[in-house]
Structures are given as structure tokens and as C-alpha cells.
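For reference, the structure discussed in these notes is given below.
All chains are named by letter (A, B, ...) in the order of the sequence lines, taking the proteins before the strands, and each is independently numbered beginning at 1.
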Amino acid sequence: MANLTLVQAINLALVQEMEKDDRVILLGEDVGLNGGVFRVTEGLQKRFGSDRVVDTPLAESGIIGTAIGLAMGGLRPVPEIQFEGFLGPAYDQICSHAARMRTRTRGGLTVPLTIRVPVGGGIHAPELHSDSPEAIYIHTPGLKVVMPSSPYDAKGLLIACLRDPDPCIFFEPKRIYRAFREEVPEDEYVLPIGKARTVCEGEEMTIVSWGASVVQCMQAIEKSGRSIELVDLRTLYPFDMDAVEASVKKTGRCVIVHEAPKTGGFGGEIAARIMERCFLHLEAPVQRVAGFDTIMPYYKLELEYLPDADRIAKAIDETAAY
Amino acid sequence: MANLTLVQAINLALVQEMEKDDRVILLGEDVGLNGGVFRVTEGLQKRFGSDRVVDTPLAESGIIGTAIGLAMGGLRPVPEIQFEGFLGPAYDQICSHAARMRTRTRGGLTVPLTIRVPVGGGIHAPELHSDSPEAIYIHTPGLKVVMPSSPYDAKGLLIACLRDPDPCIFFEPKRIYRAFREEVPEDEYVLPIGKARTVCEGEEMTIVSWGASVVQCMQAIEKSGRSIELVDLRTLYPFDMDAVEASVKKTGRCVIVHEAPKTGGFGGEIAARIMERCFLHLEAPVQRVAGFDTIMPYYKLELEYLPDADRIAKAIDETAAY
Amino acid sequence: MPITTALSTEIKRVSILDEHGQFDESLGKDLIPDADLVGLYEDMALCRKLDEVAFKLQRSGRMGTYPQNMGQEANSLGAAYVLNQDDWLVTCYRENCGLFHRGLPPEKILLHWMGDERGNHIDPNLCVTPIAVPIGTQMLHATGLAWASKYRGEKRVACTFFGDGATSEGDFHEAMNFAANLDIPVIFFCQNNHWAISVPGRIQCSAPTVAQRAIAYGMDTVQCDGNDIFAVVHCMKEATAHAREHGRPYFIEGVTYRLGDHTTADDARRYRDEEEVELWRQRDPIIRIREYMKARGIWDDSKEAALAEKVEAETSAIVQRAEGIEAPDTSDFFTSMFAEMPADLELQMRTRRTSSIGENPSQIASPETATG
Amino acid sequence: MPITTALSTEIKRVSILDEHGQFDESLGKDLIPDADLVGLYEDMALCRKLDEVAFKLQRSGRMGTYPQNMGQEANSLGAAYVLNQDDWLVTCYRENCGLFHRGLPPEKILLHWMGDERGNHIDPNLCVTPIAVPIGTQMLHATGLAWASKYRGEKRVACTFFGDGATSEGDFHEAMNFAANLDIPVIFFCQNNHWAISVPGRIQCSAPTVAQRAIAYGMDTVQCDGNDIFAVVHCMKEATAHAREHGRPYFIEGVTYRLGDHTTADDARRYRDEEEVELWRQRDPIIRIREYMKARGIWDDSKEAALAEKVEAETSAIVQRAEGIEAPDTSDFFTSMFAEMPADLELQMRTRRTSSIGENPSQIASPETATG
Ligand SMILES: Cc1ncc(C[n+]2csc(CCOP(=O)(O)OP(=O)(O)O)c2C)c(N)n1
Ligand SMILES: Cc1ncc(C[n+]2csc(CCOP(=O)(O)OP(=O)(O)O)c2C)c(N)n1
Ligand SMILES: [Mg+2]
Ligand SMILES: [Mg+2]
């Protein structure tokens, strides 16, 4: 056991899988000597050589497109996209090819790759360095989408992705890259893709969230003084509706929290599913605390945009009072 | 008045706006002499010259990126993307720039362009020629997203887009490009962006849909023999929640129909909003009849994938019986 | 010296058996043994016949949109002839001839255009990727495939095909750039057939050659008469030797022409002159090789007649195999989404025609548990 | 003739005032009048000082990430000097010097990096686009802007700037290709500063020059000593004349070096040798021009001292203006989303801290109307 940040937990997972499996190779912008702009891949090129930790040209479609070829060729590439705002140029290769190759070939060719992407706001970064595009990829059949909210989860989920036979997008909430430490076992372990985690139990209401927002939710729960159950989805596709359903059937009320814009965000899907599954148990409409339907503002105003404990607490109170 | 197909109605709208406003120029793959692969721009190059109807290199990011420049430079470009499956390479220019330029510059630079894109399945086309990615762009703040379901609507909505000071994506459901004709006024007219149309009124239940699915919904309603209100959203961002709310408050039940995959589709957002706004009026959970969470199959099976009157009728019955 | 020369370069064009039947012995002698040449000719004849048959299938409603390969056969065929069986062949959709030579069952191609994914399920030993519908995207996969071989220390190369239109896409540039800068042994083969649907080549590339696109990357490059199988084989031999030996990419522009419509959904008379087409009909790679073989005395009319019969029989067998396959299961499109089907997807599959709310039947079953 | 030459081409390199102080009279004479030269030097000095000040602002928590322009000033400055006031200047983020020359208030740049969109609200008469964060994307906008001018029959051109790393992006290729094939008068100016964050230039372009990227498109191209303002001005004059006269694009590779870290978030010592940096410090464009002016007798130490004072005062005024601006309204990010705010967005704005369910207050107000 070591007390690690999320960055360190990811680094450890990469080291351990690379040691076990020489099909695992990393590629991306600045992942080599520089160790990535967030230092997530620090020391890996030195340790595994520049054949396995490869600085690529500055071209996201190229990174993902060649990674698809590497994966079809039998490797387990782990491309890094430097910030979620630069997934855009790679969107087509991800959605038209990575997500489709297995079903296109009816299982003939597969694309086992894990795209690592720092995600979300709250670090005073420039434009396009603070977005939350997870809903885009959840709506793209053929991808698994994962977003941990803690160092322990990050290690176990990343190892699950690296061993998964299908393409995964592993979103790393940069706001909590170094925000806190957690005990993380030295040994390898796998957290199953598709299983949520109940962060804390409660009776009065359910909160569903994922990624960095989980931290804000915990603050809001503390603030509210109520008995609230917090479900961290951990993986967004496939997602653990059974856990959400069980919790909401118990509490009868639910608030969903995410950073992405509200309209078309994944919260809408969860809310719709809750209605489908728990209609007769609901005592209040499911509420969403989310980013607004605006572009994420530059950092002077980013805290006005991001859901915070106050806004979440407000929604808790309103939902409770309904 | 003339009895026009959807293709003809769009062609007419383009002709009329191009005659009125020489800032309107068309660009894209094969839009010139060939008149587009669906013949939507037929005759326009001959009529307006090759300066105004421009065949571009085969590069979707280039088409949108240069169109953004054209728009910032004072024109009203109307880029065509040949099929919705090829929006992928243009995704980044649309989302990182077209959608952001006005707010990025706090109004200093604007991007009035209308991206025309054939959309959806049902025409026995090859792979990537039958998808429904509207939810992706609805979730991208800064864009207006429009999808007509009839020739009359197509003309009025396209003219609205062409005159809109902000970027619009105009999805053209190819399944109904020539499926039926409708009386379309010769004169120009504008249908407001953000207003739904009540296709037929009813008491027992509301169906919300858009694009080619509206036709399937009408068949299902006929089949069901029930009193059902059909709301065609017409525009998907901004969308007319007031119309949906009013209808659902009246009927107490709702089914949403769309071609895109269910998870993360726009139906989830509508369902969540209905819960938010009509919670105490709902007598059954809002149901969605949608594409499945799979890749749109090649055409041998496409009718297994697309919502049809049978599947919709089933949902109607189940929702009524709830 | 205020103005110096930073770079000076040139590009060669290779032609061995030209459209007038002139054959260059210095390069062409011993390049393709006679027996092989006859085989290549037969390959082309089969491919051409299948084009004809496919066109009719489409017109009679038995197949969807289909892109004919007519006139371009020599390019992919020459490439497949030179490549090793375990070199990756990463094609677009006008490379049937090379794919058949590699061993791909031709009915796979028909199945694809009949709207059936099983046409893309290909024996992995063939080292072939499926038809690439989104233009310009597959060259990156070729680069990754060759990179994977390089990583394992194998001596395999990848050869990827694409059209002149495809060279306008950003992905083309990224694939070329990755291969050049990371030293990946990919052969980039552009079939410059002068048209991208209705858009003429100069809109994609107004430079005098497409081959010069490779200069941007410092990549070796050549322009080749793509209707001359000898020239294609010559260039491919140089390219594969270079790639295999130095682990470096190579670019080939095969100058050719699309004799048919873009696809069966297209009518090329709308946008191009019959004279241009007629000119290129004279340059047909099949005619060229046939006349050459006749002149050399290794081919004659009776052989031609026998071949026509054989090809006729083969193509109808191919069509039979494509049409004879059992209908796909109506849930076929669910089963290969993931190695393991997520529970939610399994539920969608199971209830897809029987239920909507039913996705959670317990909810319906027990309304008496209502609390809301 | 089986092997012929399909293309033969070469690229020039231009240098006028070299790093050893050698000045080529044949090209350099009368290129920049003395008075202008002094002005350009002062522009560079201000820009360099602002880099220093910005660095400190970031370190003391008064500004976010900032990319220094240090060492590269001559490129954008030379370009802005040659361009007309109504030619579009479409830059990335290392072109402060040219932007200031054009007339952009320097506090706009600081505001941008202070996380304030008002830094991007630019007087339209300046014909300048905002800082482009996503690498490689802005060249397409330049192409569109120049195209719009061409469409209207104006004689304006666009000049767009980007780094060596940016030339690896697909959008770079598409912009070059559109401009070349559709005849659009854009000047593509690549600041080859040898690094893209930690990735060395050879990973982006292993070819001997970046300039040769333009050969792919048959575009005129030149390599230029980007630390030599004379060379830059010379090449820009050729390029603008060419673009304006023939309506055709032009490519310039300005060879330069990033003397600082990539941004204030970076530590370049992790990945590059101090010797390399030291070498390029000798080639600093500011030193070069100062020594030249001194040798010519149009500059001296007292002028230098006066300038230092002036620049000191100016930069603190700039910082004051950037920091002195009132805080943005907390709903600022809603108001420019569309020309007209959609009702739903207006509701989000209005209720953003006061309500969640409240987005439909009527629903809460009247639970007695319940029917469900
Ligand atoms: C990304 C993308 N954009 C557009 C299309 C539609 N389309 C199909 S084929 C084609 C032309 C391709 O031209 P080229 O690359 O020269 O190949 P050719 O058909 O001439 O063999 C186009 C535009 C597509 N399939 N993919
Ligand atoms: C599309 C995209 N990918 C990645 C980044 C992150 N990033 C910012 S600057 C940079 C390097 C740019 O190098 P270059 O183009 O040479 O410009 P320079 O910084 O050297 O001036 C990278 C990778 C980005 N901003 N945009
Ligand atoms: Mg072509
Ligand atoms: Mg650089």
C-alpha cells in the first residue's frame, strides 16, 4: 500500500501492465522524455525504451488512427490525447473506426486500445483545456467509457481497460490529478467495467455522479446534513443502472451531477432511465446539476460554470422539499 | 404553390436566397456540375456560376474550416457534407470553432453558416451513410440544429437558417428526400427556429419525434386507432419544450421516437425534461423507441434497426396500458 | 550568400509497356515470367467480368450501390503480385483485382455491397483489411499495422491503396507524416484515376503530379503508368525492397482512369466528356497486356474464348455463393458489438420487438409497489 | 523512354543579415529604411519586455499559463510590417510582436491569458483573429477569409502563422490544399522554432526543410532565416506581391528558435540541451538588429537606455490596463452564445444559483394539480 495521487496511481498501473505485457505501448504528444504535460507517463520512456513510449507528431487523428492499426496488428496501444479539447480531430477515427471495427468485421478484426484523456475543468487552464465531452462517446456504440474519481479506482479501472478486448476511453479528471492522496495497493487489481461504487449510503435521496464532481457531491452532502446515498458511476458505458435503480427505489429521490452542459449530457439519459425503471417509486422529479448550455468560460469564470457544493446543496434541498 | 419533394423544396429555398443575397455561396464535394449526389443543388452552378457554387477538395474539415473563414469574412456560406457519416472529420472545426467563435470573441467575430447534411437510414446505402448523429451537435453549445420532416417545413426552416446570424446544422432526412410531395408556396417564408409543429392533435398520449421518423409515427398512430398527439420538434436546438410540456400535461403520457441509438440520444434529454416539467401530470413513464445501442447495421438489416410503425405501436400500447 | 539552395529534388515517371505496345526491354525483361503474365491477365479478366455482373445485379435490384474497378485493375494486381502473402494489404474499394489475387473469396466483396457485414469477415491469414468506406482514413491503419510488425521485429510491410480524392483528406497527410518521421515501412499507393465522383483531379491536386505530395515528407516517390502492369510491378519491387530493407515508407502514384461511373448510383455523363473516356479506353490495361501477349505469341483467340467461358462460369458461381448465403439473423448486429455483450444491450436485443417499457418488466409487473 | 522526369524542383533559402553581422547589400539595401528599422527594433524590445513581465505575472499567480514569444519576434513583425492594414493576420500565439505592430492593444493578449474572453474582442478594423488554442486549425480560417475577399474582388490577402508542430495536423494539409487548388491568396508562415513543447522538429518533419511541405501542392515556397528581420521582410514582399497579383498562395518557413519554455507550465530543461539554447541565444533577432544598427551608427547605448525606460513604463501601463479592467459579470459567458439568447438558456442564466427544479417554478407552486 502506498499513499498515491491519481497521477501516481495511473503511472503505477501503466508500469505494472507494461512489465507484464509487452504488447502494451504508449504513444502521444510529449509522453516520452517529458512524461506528458501532466507527468502521468513520467519515467516510462526511460524504463521501457523509446520503442514502447513514443512521442508522435502533433496530430490527434494520426495518433488514434495509427493506434487502431497497432491494435489490429496485435498490440495493446495506449494513446494519450493531451486534453479532452483535442479529441476533436480524432473524433472520426474513434467513432468511424475504433468503435466499429469489431462489428463491421463481425468479430474478424478487433481494436483493443485504451485512449487516455485528461478531462474537465477547475485548473485555471486555457480554452479547450477544461471540457467534459463524455456524453459524445457514450452515445457512440462500440466504445467503453470510464472515468474514475479517486486514485484507487483509477488504478483498478485503468488495468481493466488495458486488458479489455475492446476500445476504451479512459477519462482522467485533471482537477483531482493531485488534489488528494489515497491508499493504493501495490498489487495489481482490476475493478470491473460497468460497476458503480456506492460512496456513502443514505436513505433520503440518491446522488449520481462521476469524475471530479464526486468530490463536490461529498462536500454538498456534508453541508446538507441529510442522509444521502452517493453513487459514483465509475464507468459510463456500460453503466450500472442496477445500482442506480436499487438506490433510487430505496430513496425515491435523485439528483444527478456532472460538469458537461446540461442539454444532451449523460445526466439526461440517467434521468430518463430512472423514470423508466423507478417511475412508481419516484417522489420528486430527478434533478440535474450540470454545466450550463454555454461554452465553458475561460478561467476567470470557470467556477461560475462548474457545479459546486452550493448548487448541489440547493438541488438537494429542492428535491427533498418537493 | 407547387407540389414538391423535399429535395425540390430545399433547392427552391437555395435558389431564392441566392438570388436575394449574394453573400450566400455553396461549397462542398460534387455540389457543382453534378448537383450533389442527391441532386439537391442541381442546376445551381449553372445558374449562379462556379464562384458561388464551388466544388471543393475531398476534405470535410477543410470545407467547414474554410466556410468558417468565409463567414467571418462577411459571407453566408452553405457547406454541404455529403453524408452525416462524414461529419466526423469536420467535427473539430464545427465544435471547436464554429460553435465557439461568437462567445470566444464576446461577439466580435461571428460565424453565420448553414451546414447542410443528409441524415438517417432507410435508403439501402452503404456503411456510414445511414446514421443519426444529431445528439452530438445538440450537446455542443453554440450551434442551432434543425431537422425538417416535410417539404414545406424544409423550405421555411432552411431559409430561417440561411438568414440566422449563428451557425446552423440543417439535417436533411434522406429517407424522405423523395418519398412524398407536398404543396410548397412559391413565395419565401420563414419558419421560426425553436418552434415545434403539432402534426395531429389527440388526448390519450403524446408522441414526440423529428425527421423521417415522423412518418413512421403517423403510420403507428393510424394503426393504433387511438387519440394521439404528434409533436414534430422541427428544431432540436433550441427545442420547443413548451409545446412538449403543454401536450404532455394534457395527455399525461408520452412516447419519444428517434433513429439514433437510445443511450445518449436526444430522447433521453426530452424525457428528462418532461419529468422535470410534468412530473405530477405523468401517468406512465416516458418511453423511447429508438435505434439500439449498436452500430447501424448494413442495409440487409437496417429495417430491423430503425424504429418502425410496429415498434412504435407497441410502445403506444404499453404506455397506454401502464 | 543571401540566397542558397535549401533543397533540390526530382521525381521519375516509369512506363514499360506503353499504350502503343512499345515494350522497354531494359526494365521489362524478366520482370514477369510468361506463365505469371498469363495468370495476371486471367485475374484481370475475372475482375472485369465481375464488375459487369455486379452492375447488372445492382440494376436488377439484387445488390446495392457498387463501385466498378474497370480500367484500374493493374494497380492493385501488380501490387499484390509483388507483395508477400503476409504483407498487409489495406485497400479502399477499387482494389478487387489485387484482393482476389491475394486470395480473398470474391463473394466477400459482393456481400459487402449487398449490405452484409459478413462480407468483411476475412480470414486473418489473408492479411487484408475490409473495404474502407470513409475516404482517406485507412492509410493510418496501414501505418499502424506496419508499425506493429516493425515493433515485433518482423520484416513485413503494409501497402495501402487510395484514390486521388483521398489525398485531400487530413488523414492522408497524417499517415504519410507518421510513416516518414517514425520510420514505418508502408507503401502508399495512390490510384490517380483523375476523378473523385464528379470532381476532377485538379481540384484535389493542381500540382503537376500527385507523386510530389511525398516530397513534403522527404519520402521516396515515383509516378508510374498505372495501366501498365509491368511498370506497376517494377515500382512495387523497388518500393517493397526499399521498405523492407530500410524500414522506410514509399509513395507510388499509379496514373490510371476510372472507365465506369463512380458507382452504380452515379452517372458520369453528367460531368465528363465522352472523348476523355474514349481516350482512356485505348489505354485499358487489359487490352494492353492482351495485345502484348498475342504479339509475343503466348496468347491467342482460342485461349481468349476459353478464358471467357471460364470467367463466365466462375462469376456465376461467385454470385451464387454470395446470394446463397443464409439470411443474417435479425439480431446479428448486436452480437459483435463487444467481446462480451453488456447486460443492457442484451436486454435491448432480447426485447427489441416485444417490449419498450418492458425493458424493466418488474416495473410493470408490480404497480402495487408504487410509492410515488 | 521508360524512365522520365516527371518533376524537378528546388527551394531557396534567404538570409540577409546573418548571425555574424554579415549584411547582403544586394538584397538588403533599401529594404527597410533606417527610421522603420529603429521602429521595428523598438517593437521587438517592447514585446520582449512584455514576455518577461508576463512570466513574472504568472509566477506570482496574477496570470495563468503564458507562452513566451522570446526569440521569434522577427517573423510576425516582419510580416506585419509588409502587410497592408486590411490584410488579414491570422495568428497562433507566438505572434505578439506582429499583432502589436498591427495595432492590437497588448493588454488584449494579457487578458486572454488571464482567462478573460474580452481579450479576444478585437476591433474589426484591425483584421486580426483571436489567439488560436487548438493547434493547426486557424490556417483554414485564413484560407476562408482570403477566399471571401477574393469573392468580393478585393485585393486583400491573408497571412497565417503556425508552428512546426502545427504542420503535422491534417487541417494544415487541407488549408494548403484548398488554397493551392482553389487559387486563394493566403500566405502560410510557419515559425519553425524546432520544438513543439518537448517534441523535436524531426518528429514533425524529418525532411530537410519544412518549406518543402509546399511542394506537395505545387505552391511557391521559400526557407527564410526567421531571426533576420531583413530576410523575413524580403520574403514577405515576394509573397504578398505574388499573392496579390496572381491570387495564389505562398509558403514561408521562418527558421527560428523558441528561447524560452514552451509556456510557463513547461520546464524545457527536462528535454533539451542547454548548449542548443545557448547557440540560438547568439542568433537572437534582437541582438542581431541592435548590433547592425550600432555598426551603422543609428543606435547607441544612450538610445538603448532611453528605450529600456520607455518600455518599462509602457509594459507597466499595459499590465495596469489588463488588471484594471472590471471583473466580468458572472453571467458573462451566457450573453454571447447567440445573437439572440434562446429562452431556455435565458432561464438557465437567470436561475443558475437560485434554483434547480425551479427552472419550472409553476411545477413546484401547484402540487395540488397532481394527476400522476
Ligand atoms: C470522408 C468521406 N467523405 C466523402 C465520402 C463520399 N465519397 C465516396 S467516394 C468519393 C470520391 C473518392 O474519390 P477518390 O479518392 O479519388 O477515389 P475513387 O472513387 O476515384 O476511386 C466520395 C466523395 C466518403 N465516402 N468519405
Ligand atoms: C489540436 C491540439 N493538440 C494539442 C495541443 C497542445 N499543445 C499546445 S501547443 C503544442 C505544441 C505546438 O507546437 P508548434 O506548433 O511547433 O508551436 P510552438 O509552440 O512551437 O510555437 C501542443 C501539443 C493543442 N493546443 N491543440
Ligand atoms: Mg479518384
Ligand atoms: Mg514549434
Side-chain angles (χ1 to χ4, degrees), chain C residues 1-18 22-28 136 167-178 180-183 202-219 221-223 225 230-231 234 253 255 372, chain D residues 1-18 22-28 136 167-178 180-183 202-219 221-223 225 230-231 234 253 255 372:
Chain C
M1 287 216 304
I3 297 192
T4 50
T5 300
L7 179 87
S8 161
T9 187
E10 60 176 34
I11 293 177
K12 300 293 180 202
R13 180 186 160 90
V14 176
S15 149
I16 295 174
L17 174 62
D18 76 12
Q22 295 291 338
F23 185 80
D24 183 81
E25 291 285 343
S26 70
L27 290 181
T167 69
S168 292
E169 288 281 5
D171 275 7
F172 161 75
H173 170 68
E174 299 191 15
M176 297 279 285
N177 200 45
F178 267 65
N181 305 335
L182 303 180
D183 288 329
R202 68 173 180 282
I203 301 282
Q204 314 294 345
C205 180
S206 53
T209 69
V210 173
Q212 74 201 78
R213 293 225 189 259
I215 293 177
Y217 318 96
M219 194 188 293
T221 180
V222 69
Q223 191 184 57
D225 180 345
F230 290 95
H234 172 87
E253 174 191 1
V255 180
Chain D
M1 285 216 301
I3 299 191
T4 50
T5 300
L7 179 87
S8 160
T9 186
E10 59 176 34
I11 293 178
K12 300 294 181 203
R13 180 187 160 90
V14 176
S15 148
I16 295 175
L17 174 61
D18 76 12
Q22 294 291 337
F23 184 80
D24 183 82
E25 291 286 341
S26 69
L27 290 181
T167 69
S168 291
E169 288 281 5
D171 274 7
F172 161 75
H173 171 67
E174 300 191 15
M176 297 278 286
N177 199 46
F178 268 65
N181 304 335
L182 303 180
D183 288 329
R202 67 173 181 284
I203 302 282
Q204 315 292 346
C205 179
S206 54
T209 68
V210 173
Q212 74 199 77
R213 293 224 189 261
I215 294 178
Y217 317 96
M219 193 188 291
T221 179
V222 68
Q223 191 184 58
D225 180 346
F230 290 94
H234 172 87
E253 174 191 1
V255 180

Inset, instruction - Report yes or no: does Asn177(D) contribute a side-chain atom to a donor-acceptor pair with the main-chain N or O of Gln204(C) at less than 3.5 Å? - result: yes
Inset, instruction - Considering non-hydrogen atoms only, spot the tightest contact between Leu7(D) and Pro208(C) and give its length. - result: CD1-CG, 3.7 Å
Legend entry - All ring-ring contact (aromatic ring centres under 6.0 Å, His included) counterparts of Phe172(C), not counting sequence neighbours: Phe162(C), His173(D)
Legend entry - Among Ala175(D), Ala231(D), Gly170(D), residue most engaged with chain C (heavy-atom pairs, under 4.5 Å): Gly170(D)
Legend entry - Among the listed options Val14(C), Ile215(C), Ile203(C), the residue most often paired with chain D at heavy-atom distances under 4.5 Å: Ile215(C)
Legend entry - Pairwise distance CZ(Arg213(D)) to OH(Tyr217(C)) - rounded to 0.5 angstrom: 6.5 Å
Inset, instruction - Quick one: list whatever passes side chain to side chain contact (heavy atoms under 4.5 Å, CB included) with Ala6(C), sequence neighbours left out. - result: Ile11(D), Arg13(D), Thr209(D), Gln223(D)
Legend entry - Distance (rounded to the nearest 0.5 Å) between Ser8(D) OG and Lys12(C) NZ: 8.5 Å
Legend entry - Region of Leu27(D) that comes under 4.5 Å of a non-hydrogen atom in chain C: side chain
Legend entry - Heavy-atom pair with the smallest gap, counting every atom of Glu10(C) and Thr5(D): OE1-CG2, 3.9 Å
Legend entry - Considering all heavy atoms, the nearest Ala207(D)-Ala216(C) contact: CB-O, 4.0 Å
Inset, instruction - Look at Gly218(C), Ser206(C), Ala214(C) and state which one has the largest set of heavy-atom pairs under 4.5 Å with chain D. - result: Ser206(C)
Legend entry - Which portion of Glu169(C) sits near chain D, non-hydrogen atoms under 4.5 angstrom: both
